[in-house]
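In this text, all values refer to a predicted model and were calculated from it rather than measured experimentally. Worth knowing before you read on, the calculation uses all heavy atoms, side chains too, and leaves out hydrogens, waters and symmetry mates.
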Amino acid sequence: MNTLKKILIGCVVIVLLVVAAASIYVKVYGKALLEQELSRSLQKEVRLETIAYQFPFGVRAGNVRIEPDFSAGEVLAQFAPSSLWAEPRRVTRVIVNDGAYSYVGGGENPLRFRVEDIRLEAGDILIPLASVHTKFKFWGRLAQEKNPLSGSRVESSGWVDWVKKDMEGTLQVVEPGGHAGLTAQAVSKDNDMTVTGDLKMTSLPSVAPSREA
């Protein structure tokens with residue numbers, strides 16, 4: 001019995017030492033390494049204000065910024081143990097909390113929208129980016145001045161291949177009153193997307209028809 005206790009105590013001590021070492025390593029080296037890896041992979045400037053070790057094989061980043069259009073209050077990521085020491089590194093789970101994304105199109109009257117209160121759950125991502133089906137679930141709120149859809153809830157799920165630019169997913173826009181005004185299905189192949197769905201927005205402004213309408 002004493003031998004079993006010693007073995008258990010030894011295992012606990014080893015685990016604690018490993019966790020402490022990982023925490024120190026992430027705190028000292030993790031921020032710069034992750035910023036460099038993500039910036040290179042996404043081809044955009046990535047900034048992390050804080051970073052900490054997340055048990056068992058993950059990190060927690062605070063105040064994340066991907067220039068120029070995305071920010072998040074918190075990003076949690078868990079890595080596959082076998083990929084920690086060699087590329088590509090496999091992220092088994094990512095959770096984004098309190099995110100915001102702004103979009104401005106081109107042209108004289110560009111399409112503009114902003115999504116806030118974003119929560120994103122995704123899994124199976126390779127860094128640097130490589131071809132793999134990444135499943136995702138997404139929630140957010142449309143928040144753009146002078147936009148008839150402002151305040152609507154956005155929900156989406158499906159999978160995406162970032163490298164091949166393939167995707168299959170569903171999208172739903174739920175108005176503040178709880179009415180599902182927009183439902184859509186999107187299929188993309190080699191960045192060529194086809195979208196089908198229904199639009200029944202009650203918040204769109206009414207316009208009296210003209211003789212030539």
Check [Y] with [X], please: is the shortest side-chain N to carboxylate O separation under 4.0 Å?
X	Y	value
Arg153	Glu175	no
Arg65	Glu67	yes
Glu116	Arg141	yes
Arg90	Asp124	yes

Point-to-point distance, once rounded to the nearest 0.5 Å, from [atom1] of [X] to [atom2] of [Y]:
X	Y	atom1	atom2	answer
Thr134	Met167	OG1	CE	12.5 Å
Glu49	Asn63	CD	CG	4.0 Å
Glu168	His133	CD	NE2	8.0 Å

Cluster check [X], [Y]: I/L/V/M/F/W/Y, side chain < 4.5 angstrom:
X	Y	result
Val154	Val104	no
Leu76	Phe138	no
Val59	Leu126	no
Phe70	Val160	yes
Val187	Val195	no

What pairs meet the salt bridge (charged side-chain N to carboxylate O under 4.0 Å, His left out) rule with one or both residues in residues 99-110, with sequence neighbours excluded?
->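 Sorted result for residues 99-110: empty, none.
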
Backbone of [Y] reached by a side-chain donor or acceptor of [X] within 3.5 Å:
X	Y	value
Glu35	Leu48	yes
Ser41	Leu129	yes
Ser39	Val46	yes

Hey, mind stepping through Arg119 and Glu121 against salt bridge (Lys or Arg N to Asp or Glu O under 4.0 Å) and telling me if it holds?
-> CA-CA 7 Å; Arg119 178 177 172 85; Glu121 298 179 2; 2.9 Å; yes

Within a strict 4.5 Å, meaning less than it, do heavy atoms of the [X] and [Y] side chains meet?
X	Y	result
Asp98	Ile118	no
Phe79	Thr92	no
Leu42	Ile66	yes
Asp198	Leu182	no
Ile95	Val75	no

Using every non-hydrogen atom in the two residues, find where [X] and [Y] come nearest and quote the distance to one decimal.
X	Y	result
Gln185	Thr170	CG-CG2, 4.3 Å
Asp190	Asp166	N-OD1, 2.8 Å
Val91	Ala77	CG1-CB, 4.2 Å

More than 12 heavy atoms of other residues, nucleotides or ligands under 6.0 Å from CH2 of Trp162: is that the case?
->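 It does not: Trp162 CH2 has 12 such atoms or fewer within range.
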
Answer with yes or no whether the side chains of Arg93 and Gln78 bring together a donor and an acceptor at under 3.5 Å.
->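 Note: Gln78 and Arg93 side chains miss the donor-acceptor criterion.
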
Trp139: which other cluster members, linking ILVMFWY side chains closer than 4.5 Å, directly or transitively?
->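 Other cluster members: none.
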
Could you walk me through whether Asp161 and Val132 pass the side chain to side chain contact (heavy atoms under 4.5 Å, CB included) check?
-> CA-CA 6 Å; Asp161 187 325; Val132 65; 5.8 Å; no

Could you give me the CA-CA distance, side-chain angles and deciding distance for Lys44 and Asp69, then say whether side chain to side chain contact (heavy atoms under 4.5 Å, CB included) is met?
-> CA-CA 10 Å; Lys44 291 186 176 183; Asp69 46 26; 3.6 Å; yes

What do the steps show when you test Ser156 against Phe136 for side chain to side chain contact (heavy atoms under 4.5 Å, CB included), and what is the final call?
-> CA-CA 8 Å; Ser156 182; Phe136 68 88; 3.6 Å; yes

Does the pair Val94 and Ile125 meet the rule for a side chain to side chain contact (heavy atoms under 4.5 Å, CB included), with working shown?
-> CA-CA 9 Å; Val94 173; Ile125 303 172; 4.0 Å; yes

Between Tyr103 and Phe113, does the ring centre distance come in under 6.0 Å?
->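 Yes, close enough.
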
